[in-house]
Amino acid sequence: MDFKLTEEHLAVQEAARDFAQNELLPGVIERDEHQKFPAEQVKKMGELGFLGMMVDPRYGGGGMDTVSYVLAMEEISKVDASASVVMSVNNSLVCWGLEKYGNEEQKQKYLPRLTSGEIIGAFCLSEPEAGSDATMQRTTAEDKGDHYLLNGTKNWITNGSTASVYLVIAQTNPELRHKGINALIVEKGMPGFEIGPKENKLGIRGSDTHSLMFTDVKVPKENRIGEDGFGFKFAMSTLNGGRIGIASQALGIASGAYELSLKYSKERKAFGVPISQHQAIQFKLADMATNIDAARLLCLQAAADKDAHRDYSKSGAMAKLFSSKVAMDTTVEAVQIHGGYGFVKEYHVERLMRDAKITQIYEGTSEIQKIVISREILK
């Protein structure tokens with residue numbers, strides 16, 4: 001068992017770290033405050049290959065493994081979780097779902113533009129009454145022969161207004177319940193497709209989160225992914241991999257807060273010495289470092305399982321459950337270590353604390369992860 005990263009992995013990690021520090025860090029507080037989407041930075045992420053890391057090179061992707069993706073996600077999330085969630089959705093949900101389950105025509109049409117950052121994608125599953133219970137799809141895709149007629153509303157959609165391609169989960173045969181659900185590729189600009197107002201969020205405020213409304217949108221049959229009724233399996237399979245991305249995001253938020261706290265503890269003095277010499281602070285840092293290392297190992301285990309084509313349902317859910325808790329606990333302690341300075345924006349940790357919370361909610365709440373894990377261990 002070898003825990004060392006390869007030279008290729010280290011190169012990816014370093015490239016992501018450099019990009020985060022040089023391109024994302026400047027202006028990150030302003031983008032958060034004004035809910036500004038990092039458009040220029042996302043474009044550069046595409047140019048550097050971060051938006052299609054695992055896609056086969058014949059479709060314009062990097063052909064990298066999931067371990068590389070986890071390493072890059074951690075580094076970028078240390079600085080800007082709003083940018084990293086764009087990267088996560090585009091890689092884990094949209095590109096992976098299309099490459100894994102799309103037909104050749106769909107892959108050729110969308111993947112090269114998605115991997116290059118020319119366009120970005122969105123994954124549309126949640127609804128006003130269908131969050132954790134994804135079987136309760138009220139959005140309908142009525143079969144009209146050569147096309148589907150799409151009607152309904154989707155909520156909490158990352159890249160809601162900036163995406164050009166949307167993977168929409170909708171019910172075609174209600175009597176078949178989850179076996180009657182389809183996954184459709186919807187393009188921005190299709191008549192009847194409207195984008196609702198931007199959500200004013202606690203965290204990841206630079207990410208654009210919107211509701212989407214579909215009114216008699218004609219979606220060609222060739223835009224269906226997989227066979228009729230495959231949509232629910234598509235969504236669940238895709239989210240399995242998405243959890244690894246969000247676990248890595250949570251890991252990055254935690255490690256970013258830890259690194260800031262470690263640095264600050266050596267600079268800030270209290271009672272005549274740096275606060276890092278006080279045992280109360282040392283113990284907080286020790287807990288942070290231990291939990292972050294454990295979270296990282298869980299993320300890399302899930303990535304290794306995926307790369308080895310092993311079942312990663314349990315390891316992915318464990319990684320997300322634990323890493324998101326570590327992100328929340330670590331950022332709260334980071335604010336505490338910074339004291340009054342932690343409560344103001346210029347020291348970054350209050351933003352990381354706000355960003356951390358969503359990792360326990362989206363792409364499957366912590367409670368859903370426990371259902372997945374318990375189901376796997378009780379088989």
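Start at 1 with the first residue, then count along the sequence.
Interatomic distance, CZ of Arg243 versus CD of Gln249, reported as 15.0 Å (0.5 Å rounding). Remark: Glu75 CD to Leu24 CG distance equals 11.5 Å, nearest 0.5 Å.
The nearest pair of heavy atoms linking Gly242 to Ser88 is O-OG, 4.4 Å.
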>> If you apply the rule salt bridge (charged side-chain N to carboxylate O under 4.0 Å, His left out), what do you find for Arg138 with Glu127, and how did you get there?
In response: CA-CA 8 Å; Arg138 299 292 176 89; Glu127 296 182 2; over 6 Å; no

> Would Lys263 and Glu267 satisfy salt bridge (charged side-chain N to carboxylate O under 4.0 Å, His left out), going step by step from the backbone distance to the final call?
Replying inline: CA-CA 7 Å; Lys263 182 174 181 289; Glu267 297 169 350; 2.9 Å; yes

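Ring geometry for Tyr101 versus Phe234: interplanar angle over 60°, hence perpendicular rather than tilted (30 to 60°). Under the 30°/60° scheme for interplanar angles, the aromatic rings of Tyr264 and Tyr347 are found to stand perpendicular.
By the 4.5 Å heavy-atom criterion applied to side chains, Val89 and Glu363 are counted as neighbours. The closest side-chain heavy-atom distance from Thr139 to Thr153 is not below 4.5 Å.
Side-chain N/O atoms of Asn159 and His210 include no donor and acceptor closer than 3.5 Å. Side-chain N/O atoms of Ser211 and Lys154 include no donor and acceptor closer than 3.5 Å. There is a side-chain donor-acceptor pair under 3.5 Å between Ser68 and Asp65.
With Thr331 contributing its side chain and Ala327 its backbone, the two residues share a donor-acceptor pair below 3.5 Å. Side-chain atoms of Gln106 come within 3.5 Å of backbone atoms of Arg224 as a donor-acceptor pair (strictly under, hydrogens ignored).
Under the 6.0 Å distance and 45° angle rule, Lys221 counts as a cation-pi partner of Tyr148.
Of the charged side-chain nitrogens involved, none lies within less than 4.0 Å of a carboxylate oxygen, so that Arg58 and Glu99 do not count as a salt-bridged pair.
Residue Phe214 is grouped with residue Ile157 when hydrophobic side chains (ILVMFWY) are merged at heavy-atom distances under 4.5 angstrom, including chains of intermediate members.
Side-chain rings of Phe193 and Tyr166 approach one another, their centers coming within less than 6.0 Å.
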